[in-house]
Amino acid sequence: MAIYDHSKYVSLTMEFRCNLKCVHCMIEGTMDRLVPESDESFHELLAHNSRTRQWTGLILTGSEITLRRDLPDLARQARAAGFNHVRIQTHGMHLGRRAYSESLVEAGVDEFFVSVAGSDALSHDKITTVKGSFDKTLRGLEILDEYPDVATITNTVVTEASYRLLPAVVERLAHLKRLTQMEFWLYWPMTETDEKRLAANHLDVLPYLKEAAAMARSLGRSVEIKNFPECLLGDDSSLLVNDQPQLFIDPAFWDEFARNGFYQCPYKDECKSTQCLGLNTAYIKRHGDHSDHLVPMNKSLTKDIALRETMV
Ligand code: SF4
């Protein structure tokens, strides 16, 4: 069951530099052109939320938000303006410095959404292309684990390079007490073709994804899966959560995003899923439309699953 209500959070992209070069980066071609939200927009959003209390949580994001030196100040201002939660989305490397993590927690950052690309230094660093990045990120998660009022969330992008590692990722992070939610985002390339051949076949991914989800849940974590056909997940279909907080980002981002061509599915017209994004153009070009494996969701199936969940 989801523990974070995305409708209560708002995301602001405040930084478009990054000091990793992940092979799966979805904005690598646009990072240089995208413009971060201005300080003026930030203050306007704080003032708006002070008046309306529309959101309870603010997410500070971008390519790598910890590259902003004034990040603690931003968090402090957001808390002073009434946000109950301030979350940062980060590759987590800088959190490995205790003094830095401490400065963020003291400033009011209480939720850390951290990217974990692989299950160990070898696999993670190969994906981020920066040696030593796994050790720093894990160290950061372990430091944050010492703060009782902090929650961490991890995200692992699922690609050809990572899908077999998913259960091992869960296992490697099993010792973390404050890890509340693990997310698994299936890669999409932001273009019409999968030039890097990173989009793994959903049918190959499925057993690893289900095993990782089951392991994470047995550790008491909430799990969210993004961009995977809901019908393929079977009794894990409730883990598909494609909802996202309202996002403030340079409008140019959406031009690139539209190139993905989501919502393609041979059963689109009959399927009753309200979460599924179907397949995208690049995926279908590589792996086909899976018309022999996809099964349109119907109301009674959705109801059956909801009923089963209330019984456990
Ligand atoms: S039939 Fe298509 S739209 Fe429906 S859940 Fe499956 S992939 Fe998604």
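Both counts, for ligands and for their atoms, begin at 1 and track the order of listing. Computed from a predicted model, the values in this text were never measured in an experiment.
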Novice: Does the shortest distance from atom 4 (Fe) of ligand 1 to an N/O/S atom of Cys271 fall below 2.8 Å?
Specialist: yes
Novice: Of the side chain and backbone of Leu232, name the one, both, or neither that has a heavy atom under 4.0 Å from an atom of ligand 1.
Specialist: neither
Novice: Enumerate the atoms of ligand 1 whose separation from the nearest heavy atom of Pro296 is less than 4.0 angstrom.
Specialist: 1 (S)
Novice: Is the closest heavy-atom distance from Lys268 to ligand 1 below 4.0 Å?
Specialist: no
Novice: Do the two ring centres, one from Phe228 and one from Phe184, sit under 6.0 Å apart?
Specialist: no
Novice: Within 45° of the ring axis of Tyr9 and under 6.0 Å from its six-membered ring centre, is that where the NZ or CZ of Arg87 lies?
Specialist: yes
Novice: Does His290 have its ring centroid less than 6.0 Å away from the ring centroid of Tyr283?
Specialist: yes
Novice: Taking Arg197 first and then Glu195, would you say they form a salt bridge - that is, a charged N and a carboxylate O separated by under 4.0 Å?
Specialist: no
Novice: Which of the atoms of ligand 1 are close to Pro229, meaning less than 4.0 Å from one of its heavy atoms?
Specialist: 7 (S)
Novice: Can you check salt bridge (Lys or Arg N to Asp or Glu O under 4.0 Å) on Asp120 and Lys126, steps first, answer last?
Specialist: CA-CA 10 Å; Asp120 54 23; Lys126 191 170 175 196; over 6 Å; no
Novice: Suppose I only count heavy atoms of Met297 and a 4.0 Å limit; which atoms of ligand 1 are within that range?
Specialist: 5 (S)
Novice: For atom 6 (Fe) of ligand 1, grab the closest protein heavy atom and report residue, atom and distance to one decimal in Å.
Specialist: Cys231 SG, 2.3 Å
Novice: Compare Cys276, Pro266, Cys265 and give the one whose heavy atom is closest to atom 1 (S) of ligand 1.
Specialist: Cys265
Novice: Would you call the rings of His48 and Trp55 parallel, tilted or perpendicular, taking 30° and 60° as the class edges?
Specialist: tilted
Novice: Closer than 4.0 Å to some heavy atom of Leu294 - which atoms of ligand 1 meet that?
Specialist: 7 (S)
Novice: Should Leu279 be listed as contacting ligand 1, given a heavy-atom distance under 4.0 Å as the test?
Specialist: no
Novice: Students often mix this up, so state it plainly: with edges at 30° and 60°, are the rings of Tyr100 and His94 parallel, tilted or perpendicular?
Specialist: perpendicular
